[in-house]
There are 2 protein chains.
Amino acid sequence: MLSKKTKYAIKALVSLGKMAGNPPVQISKIAEQEKIPKKFLEQILLDLRNAGYLYSKKGAGGGYSLNKDPKDIYLVQIMRITDGPIAMVPCASLNFYHKCEECKAEGTCGIRSVFVDVRDATLKILSETSISDIINREVDLIGEI
Amino acid sequence: MLSKKTKYAIKALVSLGKMAGNPPVQISKIAEQEKIPKKFLEQILLDLRNAGYLYSKKGAGGGYSLNKDPKDIYLVQIMRITDGPIAMVPCASLNFYHKCEECKAEGTCGIRSVFVDVRDATLKILSETSISDIINREVDLIGEI
DNA sequence: AAAATAGTCTATCATTTCTATATACATTAT
DNA sequence: ATAATGTATATAGAAATGATAGACTATTTT
């Protein structure tokens with residue numbers, strides 16, 4: 001399961017993505033709109049800012065906005081910042097690899113082998129889907145009604 | 001990430017799968033072989049037994065063995081018993097569905113839509129991979145060395 | 001029948017992770 | 001200056017996870 005942190009992060013980015021071009025949006029506004037606890041959102045936005053995805057401005061009239069084109073922010077990037085690994089077992093992780101404690105022979109582990117496949121399938125989607133794609137999906141879904 | 005519970009469950013099943021046909025194996029033996037805390041493994045095997053995947057026998061000469069053909073035990077089934085949902089968001093789960101608290105319009109949620117795709121991709125692999133397949137993968141991997 | 005073996009069941013504890021909140025500080029606009 | 005707003009760190013509370021304990025039941029062996 002995704003942590004709430006990650007879900008909130010994606011929601012906030014989508015929300016900001018829809019505003020792309022507009023002046024910065026205040027944390028409190030995003031928190032209210034997306035039903036996210038404000039103080040928690042502060043931390044999350046900070047992480048995303050420090051990772052280069054958001055621009056922030058202090059003081060009156062300040063707030064947050066995207067620091068990249070929504071087309072260039074991929075889910076996999078966000079999830080790695082907020083939740084860490086994509087893989088379901090540490091030994092199958094590309095960016096957060098570490099050995100399973102109980103593992104005897106990683107190279108010939110059938111379980112690992114399956115979860116490498118799962119990772120690849122998941123990664124394919126998450127690394128091809130941008131904030132912009134999510135927004136487009138919503139437009140499409142609304143159109144289908 | 002998979003819980004240790006699930007990882008242990010799969011390991012135990014694979015271990016028993018390799019013994020298919022042999023007399024029951026004691027918990028303590030599996031625990032030792034697979035480096036799993038014995039008391040924890042007891043609980044896990046009980047769950048698998050109660051779900052119908054294992055046969056057990058008490059008393060001297062007792063132990064556990066598979067109650068099904070290893071070809072007919074799929075990862076997805078085990079994971080649902082030990083970890084619950086496969087999907088990364090509750091609103092995208094087939095067997096453990098529930099609404100996301102903060103969600104306003106599930107039907108037109110772009111995030112959900114992506115994670116339904118992720119779920120389907122994951123499910124395709126997990127529902128096609130059996131204990132027997134894992135054992136075969138190991139044979140293949142050893143052959144490649 | 002008694003003793004030894006091995007699973008069953010329930011409770012509980014310890015640790016970690018997650019979620020959320022609090023507080024003090026820094027910067028900017030008016 | 002003052003008010004608005006983000007920054008940074010600490011901490012608390014809650015939930016989930018991982019692991020252990022102990023008493024009980026069934027089976028086999030002697």
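Just so you know, these numbers come straight off a predicted model, no measurement behind them.
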Rounded distance in Å - [atom1] ([X]) to [atom2] ([N]):
X: A:I36; N: C:dT21; atom1: CD1; atom2: P; answer: 13 Å
X: B:K38; N: C:dT8; atom1: NZ; atom2: P; answer: 12 Å
X: A:E102; N: D:dA19; atom1: CD; atom2: P; answer: 9 Å
X: B:L48; N: C:dG7; atom1: CG; atom2: P; answer: 14 Å
X: A:L46; N: C:dT21; atom1: CG; atom2: C1'; answer: 15 Å
X: B:E42; N: C:dA11; atom1: CD; atom2: P; answer: 16 Å
X: B:I44; N: C:dT8; atom1: CD1; atom2: P; answer: 14 Å
X: B:L45; N: C:dG7; atom1: CG; atom2: P; answer: 9 Å

A:K68 side chain vs A:G52 backbone, donor-acceptor pair below 3.5 Å: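 Not confirmed, A:K68 side chain does not pair with A:G52 backbone.
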- prompt: Counting distance only, does the side-chain N/O of A:D83 pair as donor-acceptor with the main-chain N or O of A:S3 below 3.5 Å?
  reply: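 Side chain of A:D83 to backbone of A:S3: a pair is present.
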- prompt: Would you call A:K4 and B:E101 a salt bridge, using N to O less than 4.0 angstrom?
  reply: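 So A:K4 pairs with B:E101 through a salt bridge.
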query: Salt bridge check: are A:K29 and A:E32 linked by an N-O gap of less than 4.0 Å?
result: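 Salt bridge flag = no for A:E32 with A:K29.
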- prompt: Which parts of residues 23-33 of chain A get close to DNA chain D, meaning a heavy atom less than 4.0 angstrom away?
  reply: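 Result for residues 23-33 of chain A: A:V25, A:Q26, A:I27, sorted by number.
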field: Whichever of A:L41 and A:G61 has its nearest DNA chain C nucleotide further upstream toward 5'
entry: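 Upstream on the strand: A:L41.
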message: Is it true that, when you exclude A:K99 itself, more than 12 heavy atoms of the residues, nucleotides or ligands shown sit nearer than 6.0 Å to its NZ?
response: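 Count not over threshold, so no.
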field: Side chain of A:N50 (C-beta onward), nearest among C:dC9, D:dA8, D:dT27
entry: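 Selected nucleotide (nearest to the side chain): D:dA8.
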query: Is the shortest side-chain N/O distance from A:R49 to OP1 or OP2 of D:dG6 below 4.0 Å?
result: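 Checking A:R49 against D:dG6: no side-chain N or O falls below 4.0 Å of OP1 or OP2.
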- prompt: Given A:L16, which of A:N22, A:I73, A:V25, A:L48 fulfils the side chain to side chain contact (heavy atoms under 4.5 Å, CB included) condition?
  reply: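 Option passing the side chain to side chain contact (heavy atoms under 4.5 Å, CB included) with A:L16: A:V25.
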Specify the closest pair of heavy atoms between [X] and [Y], including all atoms of both residues, with the distance to one decimal.
X: B:V89; Y: B:F115; result: CG2-CB, 3.6 Å
X: A:F96; Y: A:R80; result: CZ-O, 3.6 Å
X: A:Y74; Y: A:K71; result: OH-O, 3.3 Å

Just the atom pairs and distances: protein N or O near nucleotides 16-20 of chain C's N or O, under 3.5 Å.
unit_1	atom_1	unit_2	atom_2	d
C:dT19	OP1	A:K4	N	3.0
C:dT19	OP2	A:K4	N	3.2
C:dA20	OP2	A:Y8	OH	3.3

